Structure formats: C-alpha cells, structure tokens
Amino acid sequence: MSTGAKILVRPRPRPQASRVLVCLGYSGGGTAPFRSWATQLPDDMELVLVCYPGRESRFSEPFATEWDPLCDEVVDAVVTEVATRPYVLFGHSMGAVMAFEVAARAERRGHGPTALTVSASEAPTDWPVPGHEPNLGQTDDELLHWMSTVGQLPQALLDEPELVQMAVALLRADLTVSASYRYRPGTTVRAPLQIVYGVDDGDDSAGNAKRWMGLGEGSVRVDELPGGHFYTPEIWSAFPSRIASL
C-alpha cells in the first residue's frame, strides 16, 4: 500500500470521475463526519478524505507532533494520488488552515486545486490564537466539555469512558500539532477562495472570516450560515450543496 493510499480514504470510489472533492478534518476528528457526503456528490465527482495519523485505519501510527511534516505528507499524497484530475479542497476548523497550506504548497509544485473552501476557522495569519478554546492549557474535563458543547461528540460516545478518553487524547494531539503552526508572511492562494462561518461560532466569527479575505489572490467570497462551529445538523449533513465550486 502506498503512503498516499494510507492517508487518503475513498468512501465511494469513483476512479472514472472527472473531478475530486478532498476534505480535511478538524482537531480531534476523523473521516467519519464527512463520509455521508459521498452520496450527495454528482456522479462525475469522487469524495476523498484525509486521515491523519493515530486514528481509524492509521490507529497504530503515532500521532503527528509538528505541523510542517504533517502538511507535507498531505501535500505529497494529494499531488501524487489526486492531482491527476481537477480537485477542490475543503477544510473545517484546523482542517481549514491545513487546506490553505496544502493549496499554497501544491500550487508551488504546479498541482494546485481548482478551488478552496475554508470553514469555521480563524485566518492562518491569526493562528494559533492564544487562549482560544480549545487549547493545550485546558484540563481533560475542560476539553471534553468544549467538544460536547460544540457538538463534536455524540451523546452515545459520552456514555463510554474509554472512548471519551481516546477522544480527548486525540484532540490534545491535534492541538499540539496546531500549536507548532506558523504562518509564513506573504503566503496566499491563487485558487478561488470561499470562506464559510457560522453566525453563532464565537464573538468574532465574522471578523475571522474577513481576515481570510486578504489571503486569496483570485476571487474571494464569504458565506454566513446559521448555527455554531458545526452549523446546524441539517446544514452539516448537506454541506456539499454549500460549497460554491460544486
């Protein structure tokens, strides 16, 4: 199995599809929240999900600890396994910053996406935000409270102590990676950029979205949606319909 095949998950393989949607997940998450989107895409588009180390099929691998090696791993996989076809990048929360960096680095290698959609995240120029929840300074109980409050953990999982412990460890590992990220001044993307945020996702969600706008060299659009960090269940379940380039 190639490295790219380990990183990239195809819930409904469509090798004959003419284009691809690549999704990058949030801190403490895996590919499961995106898998149902495969049924919503047109027949000419394949869904590809990025699986970070330490979860799902990569459970036996150690967690990533540094941003740049993890990002370069994703770029290598996307450039070699996906970029033979036009592709769109989508990232949510931590995945939004990761998608931005993947797009910029892939563009420098001549294999950039046709479009980039970033969701529910501060701009890379602000990342990581000191004291912003969740953060490494919080206790396990505080991290668990945050995950349960924003809707990241279903009630069924909260009733399973071992699964809760794993979820907190996973979130803390991804926060460690995020803490090592540093925006390189001048980094931008040429692909059309769509910025999406929830109207109830913190006190400055609209301001966060505006600070993204200077990072796109091409067309830029901003979309406000109902709900918080994960919008509403109805919007999340049908999110591909909100991705402008689709």
Side-chain angles (χ1 to χ4, degrees), residues 23-37 49-56 58-59 61-67 70 90-99 118-124 126-181 195-209 211-212 224-239 242:
C23 296
L24 295 100
Y26 46 84
S27 296
T31 66
F34 306 95
R35 287 176 179 259
S36 65
W37 293 3
L49 310 176
V50 172
C51 181
Y52 304 128
R55 68 211 76 194
E56 299 175 1
R58 304 183 69 188
F59 181 76
E61 300 179 41
F63 293 129
T65 57
E66 296 287 336
W67 182 280
L70 177 62
F90 168 82
H92 183 81
S93 198
M94 180 187 90
V97 179
M98 183 66 73
V118 295
S119 168
S121 176
E122 296 85 0
D126 298 338
W127 189 279
V129 182
H132 184 271
E133 292 188 349
N135 63 72
L136 287 172
Q138 293 181 284
T139 66
D140 287 357
D141 286 344
E142 288 171 335
L143 291 177
L144 179 60
H145 176 74
W146 181 86
M147 284 191 285
S148 60
T149 300
V150 301
Q152 184 164 326
L153 291 183
Q155 185 60 46
L157 190 149
L158 292 172
D159 294 334
E160 299 290 340
E162 289 187 3
L163 295 180
V164 166
Q165 186 177 6
M166 290 172 58
V168 172
L170 191 58
L171 176 59
R172 193 173 290 283
D174 287 347
L175 292 175
T176 299
V177 171
S178 295
S180 72
Y181 174 74
I195 304 144
V196 187
Y197 70 96
V199 66
D200 297 321
D201 188 13
D203 296 332
D204 194 29
S205 54
N208 291 333
R211 286 188 288 276
W212 272 98
E224 178 188 275
L225 297 179
H229 196 59
F230 289 93
Y231 310 106
T232 66
E234 295 76 20
I235 287 176
W236 182 263
S237 64
F239 201 90
R242 305 284 182 164

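Since this is a predicted model, take the numbers as computed values, not measurements. FYI, the numbering just counts along the sequence from 1. Because only heavy atoms are used, hydrogens play no part in the values below, and waters and symmetry mates are left out as well, while side chains stay in.
In terms of heavy-atom proximity, A64 sits nearest to P53 at N-CB, 4.3 Å. Closest heavy-atom contact between L175 and P134: CD2-O, 3.6 Å. Contact between P226 and V199 at its shortest, heavy atoms only, is CA-CG1, 4.1 Å. Contact between G228 and D201 at its shortest, heavy atoms only, is C-CB, 3.7 Å. Summarising the geometry of I195 relative to W212, their closest heavy-atom pair is CD1-CB, 3.5 Å, with the distance given to 0.1 Å. Nearest heavy-atom pair, L143 versus N135, reported as atom, atom and distance to 0.1 Å: CD2-O, 3.7 Å.
Evaluation of the ring-ring contact (aromatic ring centres under 6.0 Å, His included) rule for Y197 yields no partner, not counting sequence neighbours. For Q152, there are no side-chain hydrogen bond (donor to acceptor under 3.5 Å, both in side chains) partners two or more places apart in sequence or in a different chain. Judged as a ring-ring contact (aromatic ring centres under 6.0 Å, His included), and not counting sequence neighbours, the contacts of Y26 are H92, F230. For the side-chain hydrogen bond (donor to acceptor under 3.5 Å, both in side chains) test, residues two or more places apart in sequence or in another chain that qualify with R35 are T31. Residues that satisfy the salt bridge (charged side-chain N to carboxylate O under 4.0 Å, His left out) test with D174, not counting sequence neighbours, are R55. With sequence neighbours excluded, the residues forming a side chain to side chain contact (heavy atoms under 4.5 Å, CB included) with A179 are L136, listed by chain and number. The salt bridge (charged side-chain N to carboxylate O under 4.0 Å, His left out) test applied to E160 returns no partner, not counting sequence neighbours. In this view, Y231 and S119 satisfy the side-chain hydrogen bond (donor to acceptor under 3.5 Å, both in side chains) rule, not counting sequence neighbours. Every side-chain hydrogen bond (donor to acceptor under 3.5 Å, both in side chains) that N208 has, sequence neighbours left out, goes to R211. Taking the side chain to side chain contact (heavy atoms under 4.5 Å, CB included) definition, one finds that S180 meets it with E66, W67, sequence neighbours left out. Applying the salt bridge (charged side-chain N to carboxylate O under 4.0 Å, His left out) test to D200 and every residue at least two apart in sequence or in another chain returns nothing.
The shortest side-chain heavy-atom distance between V196 and F239 falls under the 4.5 Å cut-off. At least one side-chain heavy atom of F59 sits under 4.5 Å from a side-chain heavy atom of M166.
Distance check, rounded to the nearest 0.5 Å: CG of L163 to CG of L170 gives 12.0 Å. Separation of atoms CD (E56) and SG (C51) is listed at 4.5 Å; rounding is to 0.5 Å. The distance from atom CE of M94 to atom OH of Y52, rounded to the nearest 0.5 Å, is 4.0 Å. To the nearest 0.5 Å, atoms OG (S178) and CG (L70) are separated by 9.5 Å. Separating the CD atom in Q138 from the CG atom in L171 is a distance of 8.5 Å, to the nearest 0.5 Å. Here CH2 of W127 is found 9.5 Å from CE of M98. Values are rounded to the nearest 0.5 Å.
The ring-ring contact (aromatic ring centres under 6.0 Å, His included) analysis of residues 137-175, with sequence neighbours excluded, yields the pairs W146-H229.
More than 12 heavy atoms of other residues, nucleotides or ligands lie within 6.0 Å of CD in E61, so this atom counts as buried by the packing criterion.
Aromatic ring pairs are classed by plane angle as parallel below 30°, tilted from 30° to 60° and perpendicular above 60°; the pair W37 and F34 is perpendicular.
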